[in-house]
Number of protein chains: 2
Amino acid sequence: MPAAGPSSEPIIPTVPLTAQMRDSLRAIVGAKGLIEDEHGKQPFVTDWRGLLVGRAGAVVRPGSTEEVAQVVRLCHDHGIAIVPQGGNTGLMGGATPWPAHTGIVLSLGRMNRVLELDPTGYTMTVEAGCVLQTLQETASRHDRFLPLSLGAQGSCMIGGNLSTNAGGVQVLRYGNARHLVLGLEVVLPSGEVWDGLRALKKDNTGYDLKHLFMGAEGTLGIITKAVLKLWPAPKDVCTAWLAIRDPRAALEILSEAHSASEDNVGSCELMSRSAIDMVLRHIPGVQDPLRAETPWYLLLEWSSARARRDGAEGMSEKMEQFLADQLEAGRVLDAVIAQTGHQSHNMWRIRESVAEASRAEGPGLSYDVSVAISRIPEFIDLGLKAVLDILPSIRPYPLGHIGDGNLHFSFMAPVGMDQQTLTQYKAAITRAVNDLVTSMDGSISAEHGIGIDKLDELSHYRSKTELDIMRTIKRALDPQNIMNPGKVLRL
Amino acid sequence: MPAAGPSSEPIIPTVPLTAQMRDSLRAIVGAKGLIEDEHGKQPFVTDWRGLLVGRAGAVVRPGSTEEVAQVVRLCHDHGIAIVPQGGNTGLMGGATPWPAHTGIVLSLGRMNRVLELDPTGYTMTVEAGCVLQTLQETASRHDRFLPLSLGAQGSCMIGGNLSTNAGGVQVLRYGNARHLVLGLEVVLPSGEVWDGLRALKKDNTGYDLKHLFMGAEGTLGIITKAVLKLWPAPKDVCTAWLAIRDPRAALEILSEAHSASEDNVGSCELMSRSAIDMVLRHIPGVQDPLRAETPWYLLLEWSSARARRDGAEGMSEKMEQFLADQLEAGRVLDAVIAQTGHQSHNMWRIRESVAEASRAEGPGLSYDVSVAISRIPEFIDLGLKAVLDILPSIRPYPLGHIGDGNLHFSFMAPVGMDQQTLTQYKAAITRAVNDLVTSMDGSISAEHGIGIDKLDELSHYRSKTELDIMRTIKRALDPQNIMNPGKVLRL
């Protein structure tokens, strides 16, 4: 079992693009929709981390579902492999072709129209290539809220978000990307179009196909359009920074926050002191909201869609009352409530700068894992012990979306250790972490998916029965294995 | 295209149970777990409406997942068909065997243990045969709330609820049954057990298999266990009865209620005056909460998990303020807020007694349809016109879960018309309603499913592409077609 990245390349179709095929593709998408030169293809065959570099016969950029369908049908008829791609911001290489890939990258970027926004029905119908942040802003202009929110939102595209069932910082309240979807349009591996673009909250007519395509990372078909659910825009937001007793206290605080906030907990992010200190070391302009005698902190945000009214209790009054109760219960040691937008922005900046700070810090390791929420404290205890047993001087800085049971279980290299030396420990540490996750019925990839990077880990940790069901579905829907081959599953 | 119920029996496996097979089944489940006499089998082969009567070689009642797996493996090895059954309360015949069925009914009723309740993690792990109401009560004893709530809750079982993706009166806020599930254990058509019983909010490791089994009505496997999500118990509930301008006003009221209640709208049920009057005619002890010059009423309930505090604004103060605004906007003509538990119970009793009252009223027709929420008024207008064009003296009493876009589009026979005469109009009316639903991108079965009753309607109204994907999945996972054959899909 390898530490990360597969041990060998999976078998994928390698039918090359002929000159005639290229002509046919050009006839479908136009000269501007076909990229054939190496320089032009380069950003589409490289993952944004720069870790994986693949190849492609051409990059094809269709402008409509009909064009996508024609391109896929052409590929289907000739056995040409297709790598669907949105904003190419994934962390597992799911949108990056393998080096042996001779087929096409199919980029959805030109399909970027918002087709409908229905404020009364709280829905928005969009094309797959819309940039997430554009959609957030569009919803906001209609006094509505699209909850999906994550670091890459300025460049990731909604089709990719749905194909990978993206997570982010609003999952606690609104769910993963798949929970925000009412309907989908999908181009199947045969080139047929499945029109499931229904704006229905209830529809019990046969198998729920949309959930099959979401999270499949483009291996079963290409999502071309979606109907998204919207929520009322937040009007009264209260952000607090809590020094807490320990991770168990975080759980107990969250458990009680649901009712105290009237089910309005937006985010609940656990941070270790070491993660905070790392941010303070590397990110200019960030202030420490609170320093207390504890290694554990919590960013807690409550938000209500109801504007504050004079004389009525708002979110901050409810939060104050709640924090007083939690201080008395000994779970909270100290706390500050953001009084200004600047203060709240500073708190969020700490949380969101961890990735950037960790790159500045130097070599490190990070695992995106989940367990049942109430087992988080146990996982942290056992996980830290297991990793420190292997490399006692490694510096942990755990943090995570505790309300989702999702930890970014992260470590800085020991002071002075270079990447090459750290890599020698990586396989053992990865195995220890993933073995523990699996023994606790957790997930080795909570939100980042499988892609290329975790191909072997999935096949190592999932049961044969589960892998067999997935392979059976994949083979049934894509018998030629042309749709994003060699991702998620090794067939 | 038939009015209801399929035109002909689908082809299903008819391998009979041999004496040796019966011995093997008895060896797995014990003598008490095997019902072979006609009298004993009768309740399991008849649907609870009494409309469908099927046959079975035996009824098998396993007491554990291992027993279910052994029974299914035995059937798989001999090509024997299996009809999985929970509380047998479905409305579409999904749990009733066909008359040609020679295999078994597999009843989950003995698997009725709550395996774990985690109040901090807000989850509950249960066996498929638990009665829904028992689970609601169990959650309630731990100050937690299981939102799934429907008419049959005293006898339906959670496995059936999940297999049919049940709806009910809390969907607006909490979603359908599938949204309440974190993990599943399923016995596959091969007899293998898929252990997906994970209590994870985030898990992006390959295809989401659980959503495939939910809503499949037992045609892809047998759900044996589930991890359910829980919510905080409601502590401050406000129920109101509104006389409203028209269905469009209902939408606008709901649209604004989300923010006014701080996203705490629990239910929003549209009722026509004729539905209310029908209940008042037949259900003793029910009082009319409000009579106004309008045919449209709304039952609106807001509920918060935060207990009322002295001096603080509670749900009823927020509701009062909201109703005043809506009166001023002309959407609400008059309204009452329930001041006592008795008053609120009376309002709910009207809504929940419609089915019973309609049976007392005599012959009728009812369609369980959905459209995009904002198209509900248009659907009501066009649908009433289409049906009245066919039978001008028919008496409509539309009602529905308007927040889900789900109408129970219902009609009493014209005064004095008997069932037989009404049946002569049924095919034309059903076609008119379902054609309209389909032309508006709606669903011909919003919450009740397909089962036997809508087998032909599904194949008439769904695209060939969609039916082909479903058939491909069914054939791949159940190549012998032994798992609830002839339901949902005609292969």
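Source: prediction; values computed, not measured. To find a chain, count down the sequence lines: A is the first, B the second, and so on, and within it residues start at 1.
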Requested in this report: Please state whether the rings of A:His211 and B:His179 are parallel, tilted or perpendicular, taking 30° and 60° as the class boundaries.
Outcome: perpendicular
Query raised in the report: Are any non-hydrogen side-chain atoms of A:Asp208 and B:Met214 less than 4.5 angstrom apart?
Result: no
Query - Presence of salt bridge, A:Glu313 and B:Arg308, under 4.0 angstrom - result: no
Report summary line: When the 4.5 angstrom heavy-atom criterion is applied to A:Asn165 and chain B, the contacting part is both
Query raised in the report: Hey, is A:Arg173 close enough to B:Asp263 for a salt bridge, meaning N to O under 4.0 Å?
Result: yes
**Report entry** Part of A:Lys318 lying under 4.5 Å from any heavy atom of chain B
**Finding:** both
Report task. Using atom types as modelled and distance alone, determine if a side-chain donor or acceptor of B:Asn204 lies under 3.5 Å from a backbone N or O of A:Glu447. Result -> yes
Report summary line: So, the part of B:Asn406 with a heavy atom under 4.5 Å from chain A: the answer is side chain
Query raised in the report: What's the spacing between A:Ser370 OG and B:Lys201 NZ if we round to 0.5 Å?
Result: 11.5 Å
Query raised in the report: Between B:Lys202 and A:Asp404, is the closest basic N to carboxylate O distance under 4.0 Å?
Result: yes
Query raised in the report: Any side-chain heavy atom of B:Leu188 within less than 4.5 Å of one from A:Ile469?
Result: yes
Query raised in the report: Cut-off 3.5 Å, side chains only: do B:Tyr122 and A:Ser374 have a donor facing an acceptor?
Result: no
Requested in this report: Can you see which heavy atom on A:Thr465 is nearest to which on B:Trp194, and at what distance?
Outcome: CG2-CA, 4.1 Å
Report task. Give the minimum heavy-atom separation between A:Pro232 and B:His258, together with the two atoms involved. Result -> CG-CB, 3.5 Å
Query raised in the report: Quick one: do B:Lys235 and A:Glu262 make a salt bridge, cutoff under 4.0 Å?
Result: no
Query raised in the report: Does the side chain of B:Arg462 come under 3.5 Å of the side chain of A:Thr205 through a donor N or O and an acceptor N or O?
Result: yes
Query raised in the report: Is the closest basic N to carboxylate O distance between A:Arg309 and B:Glu317 below 4.0 Å?
Result: no
Requested in this report: Considering non-hydrogen atoms only, spot the tightest contact between B:Leu477 and A:Thr472 and give its length.
Outcome: CD2-CG2, 4.0 Å
